[in-house]
Each structure stands twice: as C-alpha cells, then as structure tokens.
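Inspection log for the structure reproduced underneath, given as structure tokens.
Numbers restart at 1 for each chain; the letters A, B, ... are given by sequence-line order, proteins then strands.
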Amino acid sequence: MDAKQSAAPMPPESELIRIPGAEPSSRIDAWWGLFIGVVGLTIVLVIFKPDPYARIVQFVRDGIVITLTLTIVSFFLVLFVGLAGGLGRLSKNRLLRGVTTLYVEIVRGIPLLVQLLYWYYAFPSIVRTLGASLGIPAMADYRANAIGTAILGMTFCYGAYMTEIYRAGIQSIPKGQLEAARSLGMSYFQAMRHIILPQAVRVILPPVGNEFISLLKDSSLASVVAVTELTRRGREFMAATYMPIETWTMVGLLYLIMTLFASRLVAWSERRMQVER
Amino acid sequence: MDPIIQIDNVHKRFGHIEALRGVSLEVDIGEVVVVIGPSGSGKSTMLRCINRLEEYDSGHIIVDGISLDNAKNINAVRTEVGMVFQQFNLFPHLTALQNIELAQKVVRHRSSESARATAMELLAKVGIPEKADAYPLQLSGGQQQRVAIARALAMNPKIMLFDEPTSALDPEMIKEVLDVMLALAVEGMTMVVVSHEIGFARAAAKRAIFMDEGLIVEIGPPEQIFSAPVEERTKLFLSKVLL
C-alpha cells in the first residue's frame with residue numbers, strides 16, 4: 001500500500017458494501033415499479049375497457065372479500081397451531097413429540113387439494129355414519145359448512161408447515177439462552193415466552209411471511225369445496241360469458257396486487273423488527 | 001452448621017462417556033472453592049449438577065437443605081443458586097438493565113421500580129452503571145460478563161457458580177471480571193468456581209480441587225495444591241498449566 005492510497009479519504013460507509021438487493025432502497029424501487037405497473041394496468045383495463053373488465057371486478061368483488069377472510073383467519077389460526085406444534089416437536093415428552101411428528105409427516109405428504117376434498121366430503125360422511133350408529137342426532141345430521149371447512153383444512157395443512165418453521169426457529173437460538181433463563185429460576189414456559197420466542201420470531205419472520213403469501217394463493221383451492229372465493233367467482237364469470245382470456249387476466253392481476261401488497265407488509269415488519277432489535 | 005452444598009457419590013454418563021464417576025464434595029457457607037482440571041475431567045458437569053442444569057444418574061445432591069434428587073425442587077434451588085457461564089449467555093434482545101430486571105419480575109415477582117433499583121445498584125457494583133441501556137452486542141466481553149454476574153446476583157442467591165467465567169475473555173478484560181468476583185468472595189458469598197486463574201484461587205479460595213477423569217483427585221488449600229501437590233496427576237497437570 002503506498003502513501004497516496006492510504007491518504008485517500010475513506011469512502012462513506014454506505015458505499016463500502018454493495019450487495020445487490022441488500023439495500024432497502026433498491027428493494028423498494030423494484031417493488032414499487034412492479035406494484036405501480038400491475039395496479040396501473042388493472043386501472044387502465046377497467047377504465048378504458050369497462051366491458052368486460054369492470055364487469056369482472058364487479059362480479060368477483062365478494063370473492064375477494066372471502067379470499068382475504070379465508071387467508072387472514074386461517075393464518076392467525078396457523079400461527080397458534082404452528083407454535084403448539086413446534087413446542088410439541090421439541091418436547092421432552094415422547095408422546096407429544098410422536099404425535100406432532102406424525103402430524104407433520106402425514107400432512108406434508110398429502111396435497112392440500114386432496115386434504116380439502118377429504119375434509120369437505122369424506123369427513124362429514126364419517127361423522128354422520130358415526131352419529132347414526134351412536135344415536136347422536138346432532139352428529140347424524142352433520143353437514144359441512146363450506147367456509148368453515150376450508151379454514152379448517154387450510155389451517156390443518158399450513159399448521160404442519162408452520163410447526164416446522166417454529167421448530168427450526170426455536171432450535172436456532174443457542175442452548176445457552178435457555179440454560180441462562182432456567183438458571184435464573186424461570187420455568188420452561190417463562191423462558192420460552194420471555195427469552196426464546198422473542199428471539200426466534202426475528203429468525204422465522206421471513207419464512208412466516210412466505211407462508212402467508214402461499215396461503216393467500218392456495219386459498220384458491222377452496223374453490224373446489226364450494227367456497228365462492230375469487231377463483232370460484234372467476235370460473236362462474238367465465239362459464240356465464242365465455243371470456244377466458246379477460247377473466248383469468250383480471251383474476252391473475254387481482255391476486256398479484258394482493259400478494260405484492262402482502263410481500264411489502266412482510267418486508268416492512270422485517271425491517272421494523274431489525275430496528276427494534 | 002451443615003454444609004450448604006452436599007454432593008454425595010454422584011455419577012453421570014453421556015452415552016459411553018462417564019463424566020462423573022462418584023464425586024463427593026461438601027461446601028460450607030461463605031466458602032470459596034476453585035475447581036481445576038483438564039478439559040473433559042467433569043468439572044463443568046459437576047458444577048452444572050449443582051443447579052441441575054445437568055441431571056445426574058445416581059448419588060445425592062443437597063443444596064441449602066433442599067434435595068436435588070427430586071426434580072420438583074429444581075426451581076426452588078435455582079432461585080438460590082446463581083450461575084455465570086463461559087459464554088456469558090446474556091439475552092441479546094434485552095438491554096443490560098432489562099437483562100438484570102427480567103427474572104426479578106418474572107420469578108421473584110418484584111415491582112418494576114424495585115427491580116430497576118436493584119438492577120441499577122448492581123450495575124454500579126460491577127462498575128458499569130453507564131451501560132444500563134446498552135444491548136449486549138454493544139458491550140465488550142468483560143462488560144458482558146459483569147452484567148451476567150449482576151444478573152445472577154439480582155436474584156439474591158446464596159450460592160454463585162462460575163463456569164470458566166474468564167475463559168472467553170481477552171486478556172486485558174480478565175482482571176475486571178476477577179475483581180468483581182474477588183469483591184464477592186470478600187463479602188462472604190459461597191462460590192464454586194471452575195477456573196484456571198491461579199492468582200484468583202490463591203487470593204480468594206479456601207480450597208482448591210483438582211479433578212481428572214470424572215473424579216476428585218485432590219483437595220486442599222490453594223497453596224498446597226498449586227505449590228506442593230501430593231498426587232502425580234495433579235503435578236503433571238500443573239506442570240503443563242503453570243509452565
């Protein structure tokens with residue numbers, strides 16, 4: 001190193017490391033560009049070609065509400081199932097560990113579509129047969145509620161994925177943290193609540209965000225179990241008008257707007273967590 | 001008066017390895033005991049058995065009159081026994097102050113004001129009151145370890161266990177931690193210290209213990225253990241450590 005070089009002023013810290021996509025600002029730009037493009041295209045189509053695009057939006061509007069309801073309700077339930085499952089997977093109790101492991105392995109191995117069909121068609125039939133043979137009228141007359149079944153099915157399935165995310169997140173916290181907490185006299189659950197989980201949440205936030213976006217997209221599968229969500233309404237519109245290109249272009253754009261918005265929400269909460277440390 | 005720690009013929013194995021092969025030790029109230037020995041000799045395992053961070057396979061341990069053989073007593077004992085770790089194990093998502101306050105509130109059910117007052121007092125005692133609002137990663141190793149000591153002291157333990165408290169520290173930070181420990185010893189805290197800091201042992205300890213292969217090989221006053229050990233294995237180990 002010569003004298004001239006070492007005498008040169010240090011570049012500002014912001015210029016020292018340049019990892020593409022690492023700077024929040026560049027992420028914002030990419031996202032805003034896409035978001036504006038997608039929203040812009042949607043608005044242009046609706047305004048300049050109201051027939052059929054405005055008609056489609058009008059037609060599927062209630063479906064959007066149901067898609068969002070399905071996704072958000074399921075997601076909150078999934079957060080709890082995943083926490084319980086993750087703790088179960090890490091439990092010292094063999095039975096608890098066995099049951100949760102079995103749950104994860106079974107659910108992961110069956111397509112969500114098949115699971116939803118099972119909950120909607122097979123499960124009520126089982127309940128009715130059981131109710132009839134046991135002489136319980138409430139069970140014998142059981143009929144599946146479409147939205148309830150879809151929420152149940154999606155929660156059951158995504159709960160298994162979330163279980164694994166929680167498990168990995170909790171395991172990523174060094175063992176010394178639990179030992180330190182326990183050595184101060186905290187119970188296992190106090191240590192989890194105050195020490196392990198607050199740290200694990202930071203670790204699992206990105207994969208949890210991905211699960212939310214996946215769940216939003218997979219809620220379209222609920223269309224096969226008589227839930228009139230966005231995809232189902234799209235199919236109904238297409239059946240009535242036979243305009244496949246227009247229908248599915250619009251439905252695709254609507255999903256894209258929702259998922260882009262969700263991914264922004266995830267990035268925002270990630271950054272907030274980091275600042276909070 | 002009964003010894004505050006009674007360890008009686010404790011065995012512990014990890015798979016095929018016998019970490020403790022019948023360890024017995026009694027520690028009196030106010031006594032400082034320093035444990036030395038090669039790595040894998042069982043000294044950390046013995047220490048961790050005293051607050052049951054490690055379960056033992058057989059034998060008995062009684063701490064402050066409470067038997068540790070029964071798992072139900074674990075938390076009762078742990079609130080009486082403070083522990084300081086080699087890797088500090090501070091909670092990285094909490095400030096120094098919050099690290100010291102948390103267990104006081106959650107375990108001891110103290111009010112926020114009283115927990116805070118105790119925490120500030122202890123931070124002053126370990127010499128870093130100005131670091132109250134710093135997060136662990138903003139502190140040096142020596143400062144982190146002093147916060148960890150304050151965190152343990154906040155529970156008003158009757159016994160303090162130190163598991164190689166200075167082994168992960170840079171040389172210039174060892175003294176600041178040892179000074180805090182020395183002050184504790186002078187105040188009459190019962191301490192079991194796994195450490196190879198011979199100077200500290202000579203200054204603070206009443207007894208030094210040499211462990212090897214899961215057994216206590218030799219116990220005696222530090223002067224005797226370090227200057228005139230009786231056992232061959234102690235001599236061999238010290239010749240490697242002291243040079």
Side-chain angles (χ1 to χ4, degrees), chain A residues 13 17 22 79 83 86-87 90-97 165-209 268-277, chain B residues 44 47-48 50-55 71-95 98-109 133-138 144 147-157 159-163 168:
Chain A
E13 202 179 332
I17 307 161
L79 286 180
L83 175 59
L87 291 175
L90 296 169
S91 167
K92 274 188 183 168
N93 184 323
R94 274 186 140 178
L95 181 72
L96 221 56
R97 214 170 54 223
I165 292 174
Y166 270 100
R167 181 188 60 75
I170 292 169
Q171 278 182 326
S172 76
I173 306 305
K175 207 172 152 234
Q177 291 289 309
L178 184 62
E179 288 186 346
R182 296 306 302 273
S183 79
L184 289 165
M186 287 188 216
S187 69
Y188 177 78
F189 284 102
Q190 286 173 332
M192 274 293 153
R193 175 164 162 230
H194 295 288
I195 305 302
I196 308 298
L197 289 177
Q199 295 182 60
V201 162
R202 281 148 226 245
V203 178
I204 68 175
L205 205 64
V208 166
W268 173 79
S269 54
E270 253 173 69
R271 227 168 331 128
R272 221 183 75 112
M273 277 288 186
Q274 274 165 12
V275 174
E276 225 181 58
R277 40 178 312 145
Chain B
S44 285
L47 199 70
R48 291 159 59 86
I50 298 175
N51 66 355
R52 231 184 123 124
L53 277 184
E54 217 70 78
E55 287 177 27
K72 279 182 189 158
N73 296 334
I74 293 179
N75 282 344
V77 168
R78 280 181 182 154
T79 49
E80 307 302 332
V81 181
M83 180 136 186
V84 174
F85 302 85
Q86 183 177 354
Q87 298 297 338
F88 326 134
N89 293 348
L90 288 182
F91 308 132
H93 60 301
L94 303 176
T95 63
Q98 291 166 337
N99 261 276
I100 305 172
E101 287 172 343
L102 180 64
Q104 296 187 62
K105 293 193 255 188
V106 173
V107 180
R108 289 279 196 223
H109 302 293
D133 295 320
Y135 284 91
L137 290 176
Q138 298 166 329
Q144 288 192 52
V147 173
I149 293 172
R151 179 177 69 178
L153 289 175
M155 304 300 287
N156 300 109
I159 301 164
M160 285 285 283
L161 308 175
F162 293 83
D163 191 1

In Å, rounded to the nearest 0.5 Å, how long is the span from CE of B/Met83 to CG of B/Leu47?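 Result: 4.5 Å between the selected atoms.
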May I ask you to name which of B/Thr79, B/Asn51, B/Val84, B/Leu102 has the most heavy-atom pairs under 4.5 Å with chain A?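 Ranked by heavy-atom pairs under 4.5 Å with chain A, first place is B/Leu102.
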Go through the atoms of [X] and report whether side chain, backbone, both or neither lie under 4.5 Å from a heavy atom of chain A.
{"X": "B/Val81", "answer": "backbone"}
{"X": "B/Leu90", "answer": "backbone"}
{"X": "B/Phe91", "answer": "both"}

Do A/His194 side-chain atoms and B/Ala103 backbone N/O form a donor-acceptor pair below 3.5 Å?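 Checked: no pair found.
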Tell me if a side-chain donor or acceptor on B/Arg78 pairs with a main-chain N or O of B/Arg52 at a distance below 3.5 Å.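 Looks like yes, one N/O pair under 3.5 Å.
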Against chain B, label A/Gln177 side chain, backbone, both or neither, depending on which of its atoms sit under 4.5 Å from a heavy atom there.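 Contact with chain B: backbone and side chain both.
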Chain B neighbours within residues 165-174 of chain A, where any heavy atom lies under 4.5 Å away: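 No residue falls under the 4.5 Å cut-off.
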Could you tell me which non-hydrogen atom of A/Phe189 sits nearest to which non-hydrogen atom of A/Leu87, and how far apart they are?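 Looking at all heavy atoms of both residues, the shortest contact is CE2-CD1, 4.4 Å.
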Below 4.5 Å, heavy atoms only, C-beta onward: do B/Asn75 and A/Arg182 meet side chain to side chain?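 B/Asn75 reaches A/Arg182 side chain to side chain.
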With the side chain counted from C-beta on, respond yes when B/Asn99 and B/Phe88 share a heavy-atom pair under 4.5 Å apart, and no when they do not.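 A side-chain contact under 4.5 Å is absent here.
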For B/Arg48, salt bridge (Lys or Arg N to Asp or Glu O under 4.0 Å) partners two or more places apart: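 Per chain and number, B/Arg48 pairs via salt bridge (Lys or Arg N to Asp or Glu O under 4.0 Å) with A/Glu179, B/Glu54.
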Testing the 3.5 Å rule here: is there a donor-acceptor pair between the side chains of B/Asp163 and B/Ser44?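 A pair is found: one side chain offers a donor N or O, the other an acceptor, under 3.5 Å apart.
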